[in-house]
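If you read the sequence from its start, that first residue is 1, and numbering goes on from there.
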Amino acid sequence: MACEEDFSEFNNEAEEITWLRKKDFETSTVMENESSKSSSTNYSLSLPKISFPYIERKKTWEQLFAECDNYRKSKALPDEDIVVLLTDIGNELNWFGGVAPSMKNYFIQTSNWEHFFGNSIDIRFPIAYEIIIWVMRYYMFPDREETLKGVHKKSIGCIMDFCKDKSQIILKMRTADVCESCMNKFIERDIPTLYSRQFFDILDGIRNSMTFRGRATLLQQPSRVEIRGHTKKIFFTDLGGLELALNPKEKAIYFLFLNFEEGIRISHLSDYRNDLEQLYRQFSNLSERELIDRAIDVLINPLENDINVVLSRINRKIKNAVGDSLYDFYCIRGERGEKKSIKLNRELIMYT
């Protein structure tokens, strides 16, 4: 990965563009042919939709691909390796992603997905989708010119849809499919079956993860949870294996409430000191018992506010991870003075 200084220098080169109208922002510019361009050799779920006028930073394709070349050179990468630049900077043609003439350098814009999808998905998935379809196109077509000729100007839910109206990306990603004509490219280009199988497995996984979150509220269906290993890392199985990253103190509290399904009154937290200490010792790298005891003392002290701060942090991380539609299943919740608990059906939890 490029260092922070590289990113700082890279972002400072960007120009600003003001989108006055929503329609213009949602329109991709068609690249008619290579000669029509200037000469070239070359991670929050709750963000609101964009309001207009909207100011966006942008770069030319040449600038973006130059960054790929700089990275390739700095890492001494082999010529046959593919470099994909993930950037929150916009681009001159207003595309979601693009390919260099070499077919070895790519860029994908990581910003503004919330404008099209709102809170219905984790934005990791459209970004992952863009990455995999550009890799697929690398194998499907011999050069950039053929790739651009192969796009569908009318959206049909295929990976080769151009999406001049960028809002059509919703159909494209929710189907995550390949039409028969494009499927034939895999045969014509003699793409190894192993590669093809992996491509379609990834597309299926992205589609399933994207649609699961949207249906969860209607079906009252939370994601399964997988808890792995001795350190009990928490993963949401049906959300693409998304991890809930908690620090040792947060994890100890969360597992305490998972273990006591009937709930716990905060005022009675001291009654669970032994359980809490055992969990905290398991997750913490503090080796001295005295330090662990001190941390537990502060946590269960009714005159301190530490437990409320920790609960607030845990719930905020849960909401950021799973979004509003699934939040209630996993958060630690309860009326003031009453028992707090986690709603999730424990049958959905698997320990591995």
Side-chain angles (χ1 to χ4, degrees), residues 43-48 114 118-124 213 216-217 220-228 231-286 291-346 348-349:
Y43 3 211
S44 164
L45 295 171
S46 58
L47 290 172
E114 70 280 358
N119 295 339
S120 64
I121 62 164
D122 181 339
I123 62 170
R124 295 180 310 153
R213 190 188 301 269
T217 303
Q220 287 294 292
Q221 180 184 358
S223 167
R224 293 166 293 168
V225 172
E226 181 182 357
I227 297 175
R228 300 179 190 169
T231 57
K232 291 184 166 53
K233 290 187 175 182
I234 304 169
F235 297 90
F236 299 103
T237 307
D238 300 305
L239 297 176
L242 177 67
E243 182 180 2
L244 176 62
L246 301 177
N247 67 36
K249 184 186 288 188
E250 294 163 353
K251 190 179 289 186
I253 287 293
Y254 196 71
F255 274 93
L256 183 69
F257 280 90
L258 275 181
N259 293 343
F260 290 89
E261 191 170 355
E262 70 278 9
I264 298 172
R265 283 186 172 86
I266 297 302
S267 59
H268 295 175
L269 195 59
S270 59
D271 296 340
Y272 301 85
R273 181 190 176 92
N274 290 339
D275 300 275
L276 191 54
E277 181 181 340
Q278 184 178 353
L279 288 167
Y280 194 54
R281 188 180 301 279
Q282 180 178 351
F283 304 135
S284 174
N285 27 11
L286 294 176
L291 294 176
I292 295 177
D293 287 343
R294 193 179 307 156
I296 299 295
D297 287 341
V298 173
L299 197 55
I300 66 176
N301 188 341
L303 300 179
E304 298 281 354
N305 194 43
D306 196 40
I307 181 60
N308 292 314
V309 172
V310 174
L311 289 175
S312 178
R313 283 204 310 259
I314 292 171
N315 286 339
R316 184 169 60 250
K317 288 183 178 181
I318 291 170
K319 180 171 285 190
N320 287 340
V322 304
D324 294 334
S325 62
L326 293 173
Y327 170 72
D328 283 345
F329 291 108
Y330 305 101
C331 70
I332 301 172
R333 169 172 288 182
E335 296 296 326
R336 185 180 180 89
E338 299 297 323
K339 288 184 176 182
K340 295 186 183 296
S341 62
I342 298 172
K343 178 180 177 181
L344 183 68
N345 185 335
R346 301 312 193 263
L348 293 175
I349 300 176

With rounding to the nearest 0.5 Å, note down the distance linking [atom1] in [X] to [atom2] in [Y].
| X | Y | atom1 | atom2 | result |
| --- | --- | --- | --- | --- |
| Gln278 | Asn259 | CD | CG | 9.5 Å |
| Arg316 | Tyr327 | CZ | OH | 10.0 Å |
| Thr231 | Gln282 | OG1 | CD | 8.0 Å |
| Ile314 | Phe257 | CD1 | CZ | 8.0 Å |
| Cys331 | Leu344 | SG | CG | 10.5 Å |
| Asn301 | Ile296 | CG | CD1 | 12.5 Å |

Pairwise side-chain contact, [X] with [Y], heavy-atom cut-off 4.5 Å (strictly under):
| X | Y | answer |
| --- | --- | --- |
| Glu338 | Arg265 | yes |
| Tyr254 | Tyr330 | yes |
| Leu348 | Val225 | no |
| Ile227 | Phe255 | yes |
| Lys251 | Leu279 | no |
| Ile307 | Leu269 | yes |
| Val310 | Arg313 | yes |
| Lys319 | Asp324 | yes |

- Query: Taking everything shown except Lys317 itself, do over 12 heavy atoms lie less than 6.0 Å from its NZ?
  - Reply: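 Correct, the count exceeds 12.
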- Message: Can you confirm whether Glu243 is buried at CD, in the sense that more than 12 heavy atoms of other residues, nucleotides or ligands lie under 6.0 Å from that atom?
- Response: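 It does: Glu243 CD has more than 12 such atoms within range.
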Check [X] against [Y] and note the closest heavy-atom contact, atom names and distance.
| X | Y | value |
| --- | --- | --- |
| Ala295 | Tyr280 | CB-CE2, 3.7 Å |
| Tyr272 | Gly263 | OH-O, 4.3 Å |
| Glu262 | Lys339 | O-CD, 3.6 Å |
| Arg346 | Ile342 | NH1-O, 3.0 Å |

- Might you work through the salt bridge (charged side-chain N to carboxylate O under 4.0 Å, His left out) test for Arg333 and Asp328, ending with a clear yes or no? CA-CA 8 Å; Arg333 169 172 288 182; Asp328 283 345; 2.8 Å; yes
- Query: Under 3.5 Å, side chain of Asn305 to main-chain N/O of Asn308, donor-acceptor pair present?
  - Reply: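 It does not hold such a pair.
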- Query: Could you walk me through whether Asp238 and Gln221 pass the side-chain contact (heavy atoms from CB on, under 4.5 Å) check?
  - Reply: CA-CA 10 Å; Asp238 300 305; Gln221 180 184 358; 5.7 Å; no
- Query: After noting the C-alpha distance and the side-chain angles of Asp293 and Arg273, does the key distance pass the side-chain contact (heavy atoms from CB on, under 4.5 Å) rule?
  - Reply: CA-CA 10 Å; Asp293 287 343; Arg273 181 190 176 92; 3.7 Å; yes
- Applying side-chain contact (heavy atoms from CB on, under 4.5 Å), run through Leu326 and Phe236 and close with a yes or a no. CA-CA 11 Å; Leu326 293 173; Phe236 299 103; over 6 Å; no
- Between Leu244 and Val322, is a side-chain contact (heavy atoms from CB on, under 4.5 Å) present by the stated rule, with each step listed? CA-CA 9 Å; Leu244 176 62; Val322 304; over 6 Å; no
